[in-house]
Amino acid sequence: MKAVALLSGGLDSTVLASYLKAVGYDVEALTILYGQRHAREVEAAAAVAANLGVPHRVVELPVGQLLRSTLTGHGEVPAGTYKEAIASTVVPARNAILLSVAYGYAVSIGADLVAYAAHATDGPHYPDTTPEFVAKMSAALQEGTGTKVRIEAPFVCLQKYQIVKLGAALGAPLEITWSCYRGGDKHCGVCPTCVERKKAFQLAGVPDPTVWEV
């Protein structure tokens, strides 16, 4: 069984790739540069793929100039939680676009599955991370291609701290992942994804290897 894993280089997608490999999938990692300001995560994705020993493709799809969000350079990334920053950090239709590209690649290489790391902590804030979205997106692309390739989000009912626990149990290379939206030399510690990353390690009771600016 072959799986295409969307690998951003972040915590969740790294654990996802590690999990897929652990349960027996032949994993192909795909990273998409869509115009995100935190493109440093692509370096992390390459390091993660090398650590896991899986093939890694990087594709440029510069749609960020069309998708207005602080994550694509339209304004400054705010500090605070996802709930406080949701209005500016949503990238419209991002997962639909990235999954469509990954799905086409999966069909082209004869893969059985496209997986991404949507999880329950994001669900209340981002509608393209819910079980309903996953099921409907999978059905639409199957219908549109006449194939049986599936889209799955194995962590869609897990909280982020549970993903950290799973990653630690799998020996995933959490220490080389990158989450910060601001993309500096260190994790800023105050943007929404940094806030959630800190909280997840604390709740999981797993030593945090992140180098923090704050």
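These numbers were taken from a predicted model, which means no experiment stands behind them.
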For Pro207 and Pro209 the tightest heavy-atom approach is O-CD, 3.3 Å

query: Taking Ser100 for the side chain and Ala96 for the main chain, is one N or O donor matched with an acceptor at less than 3.5 Å?
result: yes

task = Check whether any side-chain heavy atom of Tyr116 lies under 4.5 Å from a side-chain heavy atom of Ser13, and answer yes or no.
result = no

Residues at least two apart in sequence or cross-chain that pass side chain to side chain donor-acceptor pair (under 3.5 Å) with Asp208, listed by chain then number, are Thr210, Trp212

Could you check whether any side-chain heavy atom of Glu175 comes within less than 4.5 Å of a side-chain heavy atom of Pro173, counting everything from C-beta outward?
yes

Using a 4.5 Å side-chain heavy-atom cut-off and chaining through intermediate ILVMFWY residues, the residues clustered with Leu11 come out as Met1, Leu7, Val15, Leu16, Tyr19, Leu20, Val23, Tyr25, Val27, Val48, Leu52, Val54, Leu113, Phe155, Leu158, Ile163, Val164, Leu166, Leu170, Leu174, Ile176, Phe201, Val206

Output for pair (Ser8 OG, Leu30 CG), nearest 0.5 Å, gives 11.5 Å

Classify the side-chain pair Thr147/Tyr103 by whether it contains a donor and acceptor separated by less than 3.5 Å.
yes

So salt bridge (Lys or Arg N to Asp or Glu O under 4.0 Å) across residues 11-33, not counting sequence neighbours, yields Asp12-Lys160

(message) Side-chain heavy atoms nearer than 4.5 Å, only ILVMFWY residues, links allowed to pass through others: does that put Val190 and Trp178 together?
(response) no

Practice prompt. For Tyr126 and Thr89, test the side chains for any donor-to-acceptor distance below 3.5 angstrom and give the result as yes or no.
Written response: yes

In short, ring-ring contact (aromatic ring centres under 6.0 Å, His included) pairs touching residues 42-66 with sequence neighbours left out are none

When rounded to the nearest 0.5 Å, the distance separating NE2 of His74 from OG of Ser88 is 12.0 Å

>> When you compare the side chain of Leu33 with that of Val59, does any pair of heavy atoms fall below 4.5 Å?
In response: no

Interatomic distance, CD@Glu41 vs CD@Gln36, rounded to 0.5 Å, equals 5.0 Å

For Leu203, the other hydrophobic cluster members (4.5 Å side-chain criterion, sorted by chain and number) are Tyr161

Correct closest heavy-atom pair for Val4 and Ala111 would be CG2-CB, 4.1 Å

Applied to residues 136-152, the salt bridge (Lys or Arg N to Asp or Glu O under 4.0 Å) test, sequence neighbours excluded, yields Arg150-Glu152

Does any non-hydrogen side-chain atom of Asp112 lie less than 4.5 Å from one of Val149?
no

Next on the checklist: Has Asn95 got a side-chain atom pairing as donor or acceptor with Asp128's backbone, closer than 3.5 angstrom?
Outcome noted: yes

Margin query: Could you check whether Thr177 and Arg197, counting side-chain N and O atoms only, form a donor-acceptor pair closer than 3.5 Å?
Written below: yes

Scanning both residues in full, the closest heavy-atom pair of Val91 with Ser69 reads CG2-OG, 3.6 Å

Heavy-atom closest pair (Thr72 atom, Leu67 atom, distance to 0.1 Å) is OG1-O, 2.7 Å

- Would Val195 end up clustered with Val77 when hydrophobic side chains under 4.5 Å apart are linked, directly or stepwise? no

Is it true that a side-chain atom of Thr31 and a backbone atom of Ala45 form a donor plus acceptor pair closer than 3.5 Å? no

_Derivation and outcome, side-chain contact (heavy atoms from CB on, under 4.5 Å), residues Leu71 and Arg94_ = CA-CA 11 Å; Leu71 303 194; Arg94 177 180 62 179; 4.1 Å; yes

Heavy-atom nearest pair, Thr130 first then Pro127, reads OG1-O, 3.3 Å

dist Leu98:CG -> Leu61:CG (nearest 0.5 Å) comes out at 7.5 Å

- Please check if the side chain of His187 supplies one atom and the backbone of Gly189 the other of a donor-acceptor pair under 3.5 Å. no

| Tyr105 reachable from Met137 in the ILVMFWY side-chain graph, under 4.5 Å edges | yes

Note: Ala120 and Gln159 closest approach over all heavy atoms is CB-NE2, 3.6 Å

Between the CZ atom in Arg182 and the CZ atom in Arg40, the distance rounded to the nearest 0.5 Å is 15.0 Å

To the nearest 0.5 Å, atom NZ of Lys199 lies from atom SG of Cys194 at 15.0 Å

